[in-house]
Structure formats: structure tokens, C-alpha cells
Amino acid sequence: MPRPELLVRLTEEPLDPSEALSFVADPSAGGLVLFAGTVRDHSGAGGVTGLDYEAWPERAVERLEAIGEELFGRWPLRRAAILHRTGRLEVGETSVLVCCSAPHRAEAFEAARHGIERLKGDVPIWKKERLATGDAHWVMGS
């Protein structure tokens, strides 16, 4: 069970940035930073029509919680939210949110940046790009 100042979710439902911002709001925070990752229409493989995300749910949530704890251990965060989609996403949809609040902006920026980088490198969530050519392929570590 994560600390009450940490919201972690893996879901097939659309992500709402206002939920993350509301969750991290704190009267002692001078900075709130929200990173939103969205599905873009291209990659190194060409035009992209969408993404399919799959995860090992139990392990992914465990890793997201551990990353959240790491953020609280490194920065004086007030609150943090780490949310990730699974399932079929179309171009323009939000796939991930990392939101942090801290007494100062630099801490909030650093923590949010670290959170998304750790998530991309260490959480068992995989994406398959659906290409405009009709082909699809798995993308690792992105």
C-alpha cells in the first residue's frame, strides 16, 4: 500500500491531467509539475496510427510504487501521482502522467523528470506501434 501522498494507477481508462494536478495540490507546495506523454503520429519506423500497451499489472504497479517512494526519498515532495494507460490508444491520447508537487519548482521539475525516466526504463509496460503501412512492431525501452 503506497503512502497517502502517492497516487499510482495502471488503467485502460483515459487519463485526466486535472485529476493528477488536483491530487498533488498542497498548500505548502510552491511548484507543481505535470508531465503528460501522448501518442504521436510518427516514429523512427514511419507514420504511426496508434499504440497498444500491455503490462504485467501486479509487477508494474509494484514498480510504479517503488519509483514513487524513490522520488519521495530524493526530493522534499509534498505529493506525487504516476498514472499509465494500457490497451489500445489512438494518436493524441495521453498514455502516461507523472505529476509532482514540492516546495520549489526545481525540485518538482527534477522529480517529475526522474520519475518518467525511471518508469520508461524499469516498469514492465510494453508498447506496440501500429504503423500507417498496416504493420505493427514492439518498441522496447521508449
Original post:
With distance as the sole test, does T94 use its side chain to make a donor-acceptor pair with the main-chain N or O of V96 at under 3.5 Å?
Top reply: no
Original post:
Who are the ring pair (Phe, Tyr, Trp, His ring centres under 6.0 Å) partners of Y53, not counting sequence neighbours?
Top reply: H84
Subject >> All side chain to side chain donor-acceptor pair (under 3.5 Å) counterparts of T49, not counting sequence neighbours >> reply: none
Subject >> Rounded distance [0.5 Å steps], NZ in K128 versus CG in D135 >> reply: 11.5 Å
Subject >> Where W126 and W56 come nearest, the two heavy atoms and their spacing >> reply: CZ3-N, 3.6 Å
Subject >> Test side chain to side chain contact (heavy atoms under 4.5 Å, CB included) applied to V123 - qualifying residues, sequence neighbours left out >> reply: A60, R63, L64, I67, L119, I125
**OP:** Among residues two or more places apart or on two chains, list those pairs meeting side chain to side chain donor-acceptor pair (under 3.5 Å) that have a residue in residues 19-39.
**Re:** R9-E19, D26-S28, S28-R78
Original post:
Minimum heavy-atom separation for A102 to L77, with atom names?
Top reply: CB-CD2, 3.9 Å
Subject >> Non-neighbouring partners of R79 that pass side chain to side chain donor-acceptor pair (under 3.5 Å), sequence neighbours left out >> reply: none
Original post:
With sequence neighbours left out, which residue pairs that include part of residues 35-56 fulfil the salt bridge (Lys or Arg N to Asp or Glu O under 4.0 Å) condition?
Top reply: D52-R88, D52-R130
**OP:** Using the side chain to side chain contact (heavy atoms under 4.5 Å, CB included) rule, take E65 and R3 through it: C-alpha gap first, then chi angles, then the decisive distance, then the call.
**Re:** CA-CA 9 Å; E65 289 174 356; R3 64 176 64 213; over 6 Å; no
**OP:** Mind jotting down which residue pairs meet the salt bridge (Lys or Arg N to Asp or Glu O under 4.0 Å) criterion with at least one end in residues 93-104? Sequence neighbours excluded, please.
**Re:** R85-E93
Original post:
Which pair of heavy atoms, one from L71 and one from C100, lies closest together, and at what distance?
Top reply: CD1-SG, 4.2 Å
Subject >> Residue that, paired with K127, satisfies side-chain contact (heavy atoms from CB on, under 4.5 Å) out of L51, T86, L89 >> reply: L51
Original post:
Any side-chain heavy atom of R118 within less than 4.5 Å of one from H114?
Top reply: yes
For residues 105-113, please give each side-chain donor-acceptor pair under 3.5 Å, one per line with the distance, not counting sequence neighbours.
{"unit_1": "E107", "atom_1": "OE1", "unit_2": "H104", "atom_2": "N", "d": "3.1"}
{"unit_1": "E110", "atom_1": "OE1", "unit_2": "W75", "atom_2": "NE1", "d": "2.9"}
{"unit_1": "R113", "atom_1": "NE", "unit_2": "E117", "atom_2": "OE2", "d": "3.1"}

Subject >> Results of side chain to side chain donor-acceptor pair (under 3.5 Å) for H42 - residues two or more places apart only >> reply: none
Original post:
Hey, what else clusters with L97 if you join Ile, Leu, Val, Met, Phe, Trp, Tyr whenever side-chain heavy atoms sit under 4.5 Å?
Top reply: L7, L15, L21, F23, V24, L32, L34, L83
**OP:** With sequence neighbours excluded, tell me which residues meet side chain to side chain contact (heavy atoms under 4.5 Å, CB included) with S18.
**Re:** D16
